[in-house]
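This structure is a prediction, so every number in the text was calculated from the model and none was measured. Excluded from the calculations below are hydrogen atoms, water molecules and symmetry mates; all remaining heavy atoms, backbone and side chain alike, are included. Proteins come first, then strands; the chains are lettered A, B, ... in the order of their sequence lines, and each starts at number 1.
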2 protein chains.
Amino acid sequence: MQSSPRARRATMTDVARAAQVSLKTVSRYVNGETNIDPVIGARIAEAIAALRFRRNMAAASIRPGQRSQLVGLIIEDVANPFYSALTRSVELALRAAGLLLLAASSEEDPVRFTRLIEQLIERRVDGLIVVAPSHPEPGWPELAREIPALVILDRFDDTIDADSIVGDDVGGGTAATELLVGSGARRIAFVGEALGLSTINGRYQGYLAALAAAGLTADPALVIDGVRTSDDVCTAVTELLRPGVQVDAFFAANNLASLGVLKAFRRLGISRPIVGYDDFESAALVQPAVTVVSHSVADMGRRSAELLLARIDGDRTPAHHLVLPATTTLRASHRAPIPHRPDPPLTEMTTTP
Amino acid sequence: MQSSPRARRATMTDVARAAQVSLKTVSRYVNGETNIDPVIGARIAEAIAALRFRRNMAAASIRPGQRSQLVGLIIEDVANPFYSALTRSVELALRAAGLLLLAASSEEDPVRFTRLIEQLIERRVDGLIVVAPSHPEPGWPELAREIPALVILDRFDDTIDADSIVGDDVGGGTAATELLVGSGARRIAFVGEALGLSTINGRYQGYLAALAAAGLTADPALVIDGVRTSDDVCTAVTELLRPGVQVDAFFAANNLASLGVLKAFRRLGISRPIVGYDDFESAALVQPAVTVVSHSVADMGRRSAELLLARIDGDRTPAHHLVLPATTTLRASHRAPIPHRPDPPLTEMTTTP
DNA sequence: CTGTTAGCGCCTTCAG
DNA sequence: CTGAAGGCGCTAACAG
């Protein structure tokens with residue numbers, strides 16, 4: 001089974017022989033060049049069909065100056081809806097230009113990230129779109145310089161001289177926090193995956209700024225980070241909500257955090273005002289529907305592909321740095337009721353002198 | 001910006017010259033062959049680093065018998081969580097074998113599907129994992145024969161002689177429906193994307209079988225199909241639930257259908273018993289938590305990669321056809337209250353003579 | 001409009 | 001353990 005005794009694939013030479021023309025004429029035909037005698041063209045077409053000839057793009061692209069028509073995309077994890085949506089919009093934009101996408105997940109592992117880039121360079125991708133891990137290997141800036149065309153996504157990195165597209169994380173973090181403050185919350189928890197990520201950190205800065213602007217003091221005990229899964233988040237939130245600790249509201253700084261906080265609410269049978277970051281499909285389905293701040297993933301993907309394509313086409317202008325605006329999707333969760341807790345928190349949280 | 005004036009990449013010949021050895025010795029070194037003088041090896045390593053040499057895999061793979069170390073995956077849409085999870089598990093299994101994944105979305109478009117396969121053959125992928133559209137172009141079986149190694153996923157197709165992995169859709173559909181029947185529902189709606197899909201159709205057959213076994217008659221008016229998005233589903237469900245039509249419960253035959261039904265519930269402010277097909281991240285978060293029947297996507301991805309790898313390694317045994325068992329995740333939604341509606345439906349539904 | 005020649009970067013004989 | 005010659009499938013000159 002599985003195809004016949006592995007017949008050797010027909011080559012252009014075979015086609016040329018069958019069609020009684022020279023190799024080069026077949027090449028011209030296959031490459032869609034116009035100046036070909038229709039009669040000969042028909043003969044070639046016939047031979048191609050009969051022999052099931054398929055052009056070998058690998059062979060066609062080894063010559064310097066030729067392109068592989070391949071673009072690499074390195075993200076953290078395709079299974080994360082944020083990245084799968086991104087992948088999709090990049091693929092869409094690339095397809096329009098006839099390019100294929102080699103997508104790979106780094107899983108935030110610096111070593112794997114480096115290895116993937118090397119593999120993609122070995123494939124001679126025409127360009128690379130990359131979401132770098134928070135702590136790439138020290139050789140990363142040098143490696144990046146080897147990439148013919150590069151666009152950095154989502155997380156800004158000023159050690160790399162390349163186009164970049166990020167979201168307005170600080171602005172978004174501010175907006176999210178203001179929403180919660182506006183609902184009367186004073187003790188607002190910040191839940192993020194890792195403050196080492198520039199995105200989460202930006203949102204955290206926004207959070208701090210909004211608190212300060214409202215005259216509220218930030219309590220480090222209300223910050224959850226260093227969590228990798230929504231179950232981690234759920235556990236951490238459950239712990240934070242132990243009796244005696246007053247938490248008025250939650251700012252969940254990415255979709256993973258949102259899911260984790262909601263899981264904790266479900267488990268504890270409670271609810272608090274919450275604003276999430278990054279929209280997610282079920283945000284409108286849960287009770288109450290979750291208000292979120294987000295950037296347009298579709299824009300990010302599409303524009304990164306456009307920037308890359310321009311570079312591949314030889315654009316040599318200085319690096320572009322796009323910042324996508326944060327938009328707020330008001331649903332209901334930011335103004336859920338805040339339980340009144342007159343008793344002072346019994347925690348050791350005021351550790352600052 | 002964007003790398004310096006496009007310096008030509010170093011080739012093996014350059015490395016050989018710099019290291020004062022022959023081309024072939026460099027080749028041996030790069031390919032990890034053991035019989036190399038350590039002193040010479042060190043000299044080569046030095047030259048490689050100095051010249052930033054990167055092996056050109058495209059050039060290495062044009063020789064017949066050589067592999068591209070590339071595998072293609074064609075799915076319907078990466079942004080769909082079912083497929084992104086699948087992509088992830090395939091990528092994981094492939095990475096262990098050092099292969100890279102070329103993933104592409106067909107969007108259920110037969111023409112695009114054919115085009116993608118052709119593109120992947122032109123890249124000389126070592127193998128292909130494919131979720132075929134419901135109505136592929138007529139040439140598909142012939143095209144499939146050109147693929148060196150092929151695994152068909154999710155939707156069974158007996159016109160193709162290749163390994164396949166599908167879920168037990170009939171069994172799963174039966175189980176889902178039985179759950180609803182067991183909760184006292186008699187008029188159970190079936191919501192599927194398209195009955196032309198073998199998966200949805202299998203689940204539908206299971207639904208019919210379970211109804212028959214329970215002595216219930218299937219009402220065609222309770223079947224929703226031909227919907228492409230969860231918003232379509234929401235609209236259709238909203239319409240189905242118009243006054244006068246009694247619907248006791250919903251069987252949502254894929255994740256898109258589940259989301260659509262839940263949206264409709266939210267919009268109408270009602271609830272009915274529901275069982276979904278395919279698990280989804282927020283299933284446990286909505287109220288009530290959604291009971292689902294599903295197959296292990298991780299298994300499907302991993303095993304398909306394993307089958308493919310075996311074929312690539314020369315396995316010539318007859319095609320394997322795996323059927324993954326359906327598992328039920330009991331949450332709460334299958335026994336939501338059924339509103340009592342004593343008044344007979346006023347619809348023209350009993351069109352069967 | 002077509003064919004000949006050379007060579008891309010690498011790997012495979014087969015000698016040394 | 002190393003090297004020289006030849007060729008993979010294709011495209012770029014440069015003739016005819």
Asks: So B:Leu197 and B:Arg155, do their side chains get closer than 4.5 Å, heavy atoms only?
Replies: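 They are in side-chain contact.
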Asks: How many whole angstroms separate atom CE of B:Met57 from atom C1' of D:dC8?
Replies: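 Rounded to the whole Å, the gap is 15 Å.
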Asks: A:Ile44 has an atom CD1; how far is it from atom C1' of C:dG3, in whole Å?
Replies: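 After rounding, the reported distance stands at 12 Å.
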Asks: Please state how far atom CG in A:Asn56 lies from atom P in C:dC8, giving the value in whole angstrom units.
Replies: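 About 18 Å, once rounded to whole Å.
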Asks: Rounded off to whole Å, could you give me the CZ-to-C1' distance for the B:Arg17 and C:dC10 pair?
Replies: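 Going from CZ in B:Arg17 over to C1' in C:dC10 covers 15 Å.
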Asks: Within this structure, what is the CD1-to-P distance between B:Ile62 and C:dT12, rounded to whole angstrom?
Replies: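 The distance from CD1 of B:Ile62 to P of C:dT12 comes to 12 Å, rounded to the nearest Å.
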Asks: Could you tell me whether B:Leu23 contacts a base, only the sugar-phosphate backbone, or nothing, with contacts defined as non-hydrogen atoms closer than 4.0 Å?
Replies: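 Base contact.
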Asks: Do the side-chain N or O atoms of A:Thr25 get closer than 4.0 angstrom to the phosphate oxygens (OP1, OP2) of C:dG3?
Replies: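 Yes, within the criterion.
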Asks: Relative to the 5' end of DNA chain D, which residue comes earlier, A:Arg55 or B:Ile40, by the nucleotide with the nearest heavy atom?
Replies: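 First, find each residue's nearest nucleotide; the 5'-ward one identifies B:Ile40.
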Asks: Whole Å only: how far is the CZ atom of B:Arg43 from the C1' atom of D:dC1?
Replies: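 For the pair B:Arg43 CZ and D:dC1 C1', the rounded distance is 13 Å.
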Asks: Pick out the pairs of N or O atoms, protein on one side and nucleotides 12-16 of chain D on the other, that lie under 3.5 Å.
Replies:
| residue | atom | partner | partner atom | Å |
| --- | --- | --- | --- | --- |
| D:dA12 | OP1 | A:Gln66 | OE1 | 3.2 |
| D:dA12 | N7 | A:Lys24 | NZ | 3.3 |

Asks: Determine, for B:Arg88 against B:Glu91, whether the closest basic-nitrogen to carboxylate-oxygen distance falls under 4.0 angstrom.
Replies: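 Judged by the 4.0 Å cut-off on N to carboxylate O distance, B:Arg88 and B:Glu91 do not form a salt bridge.
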Asks: Nearest whole angstrom, please: distance from the C1' of C:dT5 to the CE of A:Met12.
Replies: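 Rounding to the nearest Å, CE of A:Met12 and C1' of C:dT5 are 17 Å apart.
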Asks: Heavy atoms under 4.0 Å, any strand shown: does B:Val30 hit a base, just sugar-phosphate, or nothing?
Replies: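 Nothing, no heavy atom under 4.0 Å.
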Asks: Going by the ring-ring contact (aromatic ring centres under 6.0 Å, His included) test, which pairs reach into residues 97-138 of chain B, not counting sequence neighbours?
Replies: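 For residues 97-138 of chain B, and leaving out neighbouring residues, the ring-ring contact (aromatic ring centres under 6.0 Å, His included) pairs sorted by first residue read B:Phe113-B:Trp140.
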Asks: Which nucleotide in the list D:dC10, D:dA4, C:dT4 gets nearest to the side chain of B:Ser22?
Replies: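 My answer, after comparing the listed nucleotides, is D:dA4.
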Asks: With DNA chain C as reference, determine whether B:Ser61 or A:Gln20 sits nearer its 5' end, using the nearest nucleotide of each.
Replies: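 Checking each residue's closest nucleotide, the 5'-ward one belongs to A:Gln20.
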Asks: Below the 4.0 Å mark, does D:dC10 have OP1 or OP2 next to a side-chain nitrogen or oxygen of A:Ser27?
Replies: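 It does not, given that no N or O in the side chain of A:Ser27 lies less than 4.0 Å from OP1 or OP2 of D:dC10.
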Asks: Which distance, rounded to the nearest 0.5 Å, do you find between the CE of A:Met12 and the CZ of A:Arg55?
Replies: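 Here the interatomic distance stands at 6.0 Å.
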Asks: What does A:Tyr29 touch in the nucleic acid at a heavy-atom separation under 4.0 angstrom: a base, only the sugar-phosphate, or nothing?
Replies: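 No contact.
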Asks: Would you please test A:Phe156 and A:Val166 for side chain to side chain contact (heavy atoms under 4.5 Å, CB included) and show each step?
Replies: CA-CA 6 Å; A:Phe156 187 64; A:Val166 300; 3.9 Å; yes
Asks: Can you see if the side chain of B:Asn31 gets near the phosphate of C:dC11 - specifically, an N or O under 4.0 Å from OP1 or OP2?
Replies: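 It does, given that an N or O in the side chain of B:Asn31 lies less than 4.0 Å from OP1 or OP2 of C:dC11.
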Asks: Less than 4.5 Å apart, side chain to side chain, heavy atoms only: is that true for A:Arg95 and B:Arg112?
Replies: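 Yes. Closest side-chain heavy atoms under 4.5 Å.
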Asks: Residues in side chain to side chain contact (heavy atoms under 4.5 Å, CB included) with B:Leu309, at least two apart?
Replies: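 With sequence neighbours excluded, B:Leu309 shows a side chain to side chain contact (heavy atoms under 4.5 Å, CB included) to B:Leu94, B:Ala97, B:Leu99, B:Ile312, given in chain and number order.
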Asks: Is a donor from one side chain sitting under 3.5 angstrom from an acceptor on the other, for A:Ser61 and A:Gln69?
Replies: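 Side-chain D/A pair, A:Ser61 to A:Gln69: absent.
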Asks: Which nucleotide in the list C:dG3, C:dG9, D:dC10 gets nearest to the side chain of A:Val21?
Replies: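 Nearest nucleotide to the side chain: C:dG3.
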Asks: Nearest whole angstrom, please: distance from the C1' of D:dG9 to the CZ of B:Arg123.
Replies: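 That distance rounds to 15 Å.
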